[in-house]
There are 2 protein chains.
Amino acid sequence: MILNFINKNRDTILYGISLAFLLFFLKWIELRFIIINHTFEIYAGIIAVLFTALGIWLALKLNKPKVETKIIEKAVSVNDFSFNEAAMTDLGLSKRELDVLQLMAEGLSNQEIAERLFVSLNTIKTHTSNLFEKLDVKRRTQAVEKAKRLSLIP
Amino acid sequence: MILNFINKNRDTILYGISLAFLLFFLKWIELRFIIINHTFEIYAGIIAVLFTALGIWLALKLNKPKVETKIIEKAVSVNDFSFNEAAMTDLGLSKRELDVLQLMAEGLSNQEIAERLFVSLNTIKTHTSNLFEKLDVKRRTQAVEKAKRLSLIP
DNA sequence: GTCAAAATCACTCAAAAGTATGAGCTAAAT
DNA sequence: ATTTAGCTCATACTTTTGAGTGATTTTGAC
């Protein structure tokens, strides 16, 4: 805990010690000058130089770095398919129609879709017809294309 | 030209003037203190404060502002379609076949593709047949699906 | 229980897609 | 010069798809 305190206030403590040392040093040269009785200006000059240095040191120490935020756009290929519920309800697509749409997107024929869903070919035809109408397209390829654009399928 | 010179050395000139003024000021308070005969320490203290301030000012003036760059990575989903040349040569697809494939992916019918490319419907049929064989698929929907997987089309 | 939407299926007809085969023409490679 | 690959087109035929219509059954909501 005491180490922690020292660490946190390192600069302040250092500054205090430096100042104390400086004052002590000044007192010492003051004494010397009194004894040797030299000119006043030399003493003042030394003080000036020392404190200029102190000021510089202080400023450098306390000068907070300016933070510049740099935003780097990182290209990421994302797997972010989120089903577009809105589009589905908007178009009035039923669950079954969506099933058919998905299988259609996999490239299955109507016959294959029928077998996959255990219904007749005619049923699938009806579904696809309704799908095309709802999606406002003429062909299955267009339906798949549009469905992908609308995020109804990945 | 003289204005130019002044502008370029503004800081230096300013520093010189300030220093001159300070020295003049010091001389003045020195005189005052001599006349009033005050303690030496007050004078030294004033010098100390003044030159500390000067040091700070100098440091701030001459020190290049520290810039800390904070980098924030922003994930951006990118349109990163890069045509898979390898797959194309691997499958032995011709330019024309790729053309047809692209239009097919847009949901065009063979007839529409034929009109778009100014050739006959039969030509397109030939292309699609060859395409299906090369892609090892049975239907156009599968062809489009596979082509997308292979990055032959976006 | 009623009603509406959804799902199922059938039938017909037309259009589009796909298969198979053959062939001419051109440009590039051997 | 010959071969090869790619593009073109045609004919004949089959399969799939799609449009249109109508009907029955299921299901969920009111």
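Heavy-atom basis, side chains included; hydrogens, waters and symmetry copies ignored. So you know, we letter chains A, B, ... as the sequences are listed, proteins then strands, and number each from 1.
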Whole Å only: how far is the [atom1] atom of [X] from the [atom2] atom of [N]?
X      : N      : atom1 : atom2 : result
A:K138 : C:dA15 : NZ    : P     : 12 Å
A:I113 : D:dT15 : CD1   : C1'   : 16 Å
B:E97  : D:dC7  : CD    : P     : 6 Å
B:H127 : D:dG6  : NE2   : P     : 11 Å
A:D99  : C:dA7  : CG    : C1'   : 11 Å
A:I124 : D:dA19 : CD1   : P     : 15 Å
B:L108 : C:dA15 : CG    : C1'   : 17 Å
A:E112 : C:dA17 : CD    : P     : 18 Å

Check every strand shown and say whether [X] touches a base, only sugar-phosphate, or nothing at a heavy-atom separation below 4.0 Å.
X      : value
B:S109 : sugar-phosphate
B:S120 : sugar-phosphate
A:N122 : base

query: Quick check: are there more than 12 heavy atoms from other residues, nucleotides or ligands sitting under 6.0 Å from CD of A:Q111?
result: yes

- prompt: Nearest nucleotide by nearest heavy atom, which residue falls closer to the 5' end of DNA chain C, A:T123 or A:K134?
  reply: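 Looking at DNA chain C, the more 5' nearest nucleotide goes with A:K134.
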
Between [X] and [N], is there a side-chain N or O to OP1/OP2 distance below 4.0 Å?
X      : N      : result
A:R139 : D:dG18 : no
B:N110 : C:dA17 : yes
A:S129 : D:dA19 : yes

- prompt: Does B:L117 or A:T141 map to a spot on DNA chain D nearer the 5' end, using the closest nucleotide for each?
  reply: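 Going by which nucleotide is closer to the 5' end, it is B:L117.
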
message: Need to verify one output field. Residue with the more 5' nearest nucleotide on DNA chain D, B:V119 or B:K125?
response: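 Its nearest nucleotide being more 5', the pick is B:V119.
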
- request: Output the single nucleotide from C:dG18, C:dA7, D:dG18 whose closest atom is nearest the side chain of B:F132.
  value: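 Of C:dG18, C:dA7, D:dG18, C:dG18 is nearest to the side chain of B:F132.
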
- request: Indicate if B:L150 and B:M88 have the same hydrophobic cluster label, given that clusters are the connected sets of ILVMFWY residues with side-chain heavy-atom separations under 4.5 angstrom.
  value: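 B:L150 and B:M88: one cluster.
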
query: Checking only heavy atoms, does the side chain of A:T126 share a donor-acceptor pair with the base of C:dC9 at less than 3.5 Å?
result: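 Yes.
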
- request: Indicate whether any N or O donor in one side chain lies under 3.5 Å from an N or O acceptor in the other, for B:S120 and B:T123.
  value: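 Short answer, yes.
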
query: Where do B:E145 and B:R149 land on the salt bridge (charged side-chain N to carboxylate O under 4.0 Å, His left out) test, with the steps shown first?
result: CA-CA 6 Å; B:E145 204 268 340; B:R149 268 216 325 272; 2.8 Å; yes

- prompt: When rounded to the nearest 0.5 angstrom, what is the spacing between CG in B:D136 and NZ in B:K146?
  reply: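 Answer for the CG-NZ pair, B:D136 versus B:K146, is 5.0 Å.
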
